[in-house]
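These numbers were taken from a predicted model, which means no experiment stands behind them. Residue numbers start from 1 in every chain, and the chains themselves are labelled A, B, ... in the order their sequence lines are given, proteins ahead of strands.
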Amino acid sequence: MNAWIEKQRHLIDFTLASLARRRTKNFGLLLVYTLLVFVLASVALYTHALRQEAAQVLKQSPEIILQRMVAGRHDLIPPGYIEKIGRIRGVQAIEGRLWGYYYDPVVKANYTFMAPAAEAVRPGTLTVGPAVARSRGLAPGNTISFRAYSGKLFSFTVAGVLPHSSELVSADLVLMSEADFRAFFAYPAGHHTDIALSVANPLEVRNVAAKLAAVLPDSRPILREEVLRTYASVFDWREGIVLALLSAAIFAFAILAWEKASGLSAEEKREIGILKAIGWETGDIIKMKLWEGGLISFTAFLVGFIAAYVQVFRFGAPLFEPVLKGWSVLYPRFELVPAIDSLQVATLFFFTVFPYMAAVLVPIWRAAITDPDAAMRS
Amino acid sequence: MLFQPAIIALLLASGVAVAMLTAAAPFAVQVIRQWDIASGSERQLALERRTYLFSTLAVFIMVVQLVALLLFVFNADRMSEMFVGAMCAVGTLNVNPWGFPALLAQMAVFFLAAAWLAVNHVDTRAPDYPLVRVKYALLLILLPALAFSFGLQLKYFLGLKADVITSCCGSLFSGDAKGLAAEVAALKPVPAMLLFYGTIAVSAGLTFRHARTRRGGYAAAAASAAAFVATLVGVLSFVSLYIYEHPNHHCPFCILKPEYGHQGYWLYVPLFAATAAGLGVGALQPFRQVASLKDIVPAVSARLASIAAIGYLLVAAIATMMVLRSNLILIEH
């Protein structure tokens, strides 16, 4: 074992020295390689962080949301529905929610208006989300008017701005009192937008949903786990599409690696010739060349991955944001929580190191079988 | 559901492997028919040179296949959140009938690849390459196996539909269900422990004996295969219960999940390594008598056997530790 390690150590030593001798040629390859890892790793890291973020946000949302459907469209929950559900075992709380969308022609964006049940907002005041505050230049104490869909103008005082830490969910949120909400939208009394149910045991969620569908056949229960699953597939799918598009780049890179590895300079040829003349075997040369590929791969992978990490988590991935994140006029600004997923590192490895090594095998062999006399004479 | 990064990576790996082996196949036939180490003809020289290429290629493919198995399982576990009813890799693999066959095929390719690597290793150490023909014949056998595994994977991944309601591990590995897995899961803990520790002790002993005395290679290999099965039975029937601290949850895949600290990998990685080494011992035994391998085969196979012995002891130690650390009481004193 020791002899084997010793041999590999000397091979690495020699390889490093020979790489250093042809700095410019190897640097070009290393640069392209690093760039490829960087691009792919950015995509992987960014989607993973988004997935994490979505999961984190949805953790707080109710397990089941019940909507009423009329002719296949989402409709208001009429009075008496909550009572009709009654007590279902496993359900901790039932709450009718009031919310709606409001299009603000001033900034050409949609706001989400909501009358929270838990925290009271005084009538005549609003609490606004950070993106709304930014786009309309609002601060606590300011007054703002909205023209309701009925044509009437309503004025409110801004009581507060929601904290930045909740921006991912509250960017476009406007909180108001229930009375204001009903007056603003001319919302029929006793009606709700939908019903939120919290269920303690995750294994019971499906049973509760089945019971709800039985009691209220015109309703549609939406499960949190389904929303989560959809998010996960959407982000994975986006990542997959980007990677598939980038596969052209991977191909190009493999071709470049092949070219670089097969275009031996006269000096390299002579070197191999001399090595063979002094007793190196073909197998040794192949090993040396494989080490060369391995060292280049390792360096490129490490540097590319770290650069991607910095790009995504320090600078917010400006390069891939629009494709992967989606967009909206009032898009939340949020900080991604750094997270590395080992599956993604392994996948990334297959996308970069594997094609590189596959591409350089034949050129390496071709270099290694050169006859010593032919190599030295040329 | 083809646009999953890990799926693309897996298909890329097996696709390239199949393509490379297919490219090597005509050469393999040529070697089998025309190889003559004693000849100094130009053709023989060319053949010898090309063996370097195809040996390196084959080693590369085999090593990639070893890693691909890990990625396959890892990915199946991760994708479970996308399927209704799935809680771990079992659900993902059950989405369509190709999942488990694909896993088994990948495992078979893993062990075949390991055995081939062992044969290749001894062959390259002998000065006259006595096993070249055998090696390339084996490569020709491996090609359909690899292509089959690739086909199963492709079929499985193409058939992954997110709207399928799959079954969870609880229904597959419970004592009341039908099928081999359920039968094994229903095994009482005491006989299962006896079987597990007994088989591990025997195979560790046999592989260790082979490492010391260089005798009983086939027995050591057979014991390795038995230990592999016994460990899987042990995981199904009692180790998993202790890890989950739940008397009825027998799933061998949930232990790979982060909720249980990825403990399964601690068990499976040494198990697969040890079994691969043990089977490698068996793969080398037919070539003990080859003149130029008289010294090489026993040395290499002894080393493989000691790796296997250490691996099995490690598996037993890890399983024991999992049992001792658990708060579950299955056996009352």
Per-residue contact mode, [X] against chain B (heavy atom under 4.5 angstrom):
| X | result |
| --- | --- |
| Arg366(A) | neither |
| Leu290(A) | side chain |
| Ile241(A) | both |

For this session: Quick one: do Phe350(A) and Leu10(B) satisfy side-chain contact (heavy atoms from CB on, under 4.5 Å)? Show the steps, please.
Result: CA-CA 8 Å; Phe350(A) 267 91; Leu10(B) 277 170; 5.7 Å; no
[X] side, atom [atom1]; [Y] side, atom [atom2] - distance, nearest 0.5 Å:
| X | Y | atom1 | atom2 | answer |
| --- | --- | --- | --- | --- |
| Leu361(A) | Met20(B) | CG | CE | 5.0 Å |
| Leu243(A) | Ile7(B) | CG | CD1 | 12.5 Å |
| Thr51(B) | Ile369(A) | OG1 | CD1 | 10.0 Å |
| Asn75(B) | Thr347(A) | CG | OG1 | 7.0 Å |
| Ser247(A) | Ile8(B) | OG | CD1 | 8.0 Å |
| Leu12(B) | Phe351(A) | CG | CZ | 6.5 Å |

For this session: Could you walk me through whether Leu343(A) and Leu71(B) pass the side-chain contact (heavy atoms from CB on, under 4.5 Å) test, one step at a time?
Result: CA-CA 7 Å; Leu343(A) 176 69; Leu71(B) 188 65; 3.6 Å; yes
For this session: Using a cut-off of under 4.5 Å on heavy-atom pairs, state which of Leu57(B), Val67(B), Val64(B), Ile61(B) scores highest against chain A.
Result: Val64(B)
Counting only heavy atoms not in [X], do more than 12 fall under 6.0 Å of its [atom1]?
| X | atom1 | result |
| --- | --- | --- |
| Trp291(A) | CH2 | no |
| Tyr244(B) | OH | yes |
| Phe251(A) | CZ | no |
| Trp280(A) | CH2 | yes |
| Phe208(B) | CZ | no |

For this session: Test Val16(B) against Phe354(A) for side-chain contact (heavy atoms from CB on, under 4.5 Å), laying out the working first.
Result: CA-CA 10 Å; Val16(B) 168; Phe354(A) 174 74; 3.6 Å; yes
For this session: Start with the C-alpha distance between Arg78(B) and Asp341(A), add both sets of side-chain angles, then the distance that settles side-chain contact (heavy atoms from CB on, under 4.5 Å), and finish with yes or no.
Result: CA-CA 11 Å; Arg78(B) 188 59 62 83; Asp341(A) 178 19; 2.6 Å; yes
For this session: Check each atom of Arg49(B) against the heavy atoms of chain A and say whether the ones under 4.5 Å are side chain, backbone, both or neither.
Result: both
Exercise. By a 4.5 Å heavy-atom criterion (distance strictly below it), what part of Phe74(B) contacts chain A: side chain, backbone, both, or neither?
Worked result: both
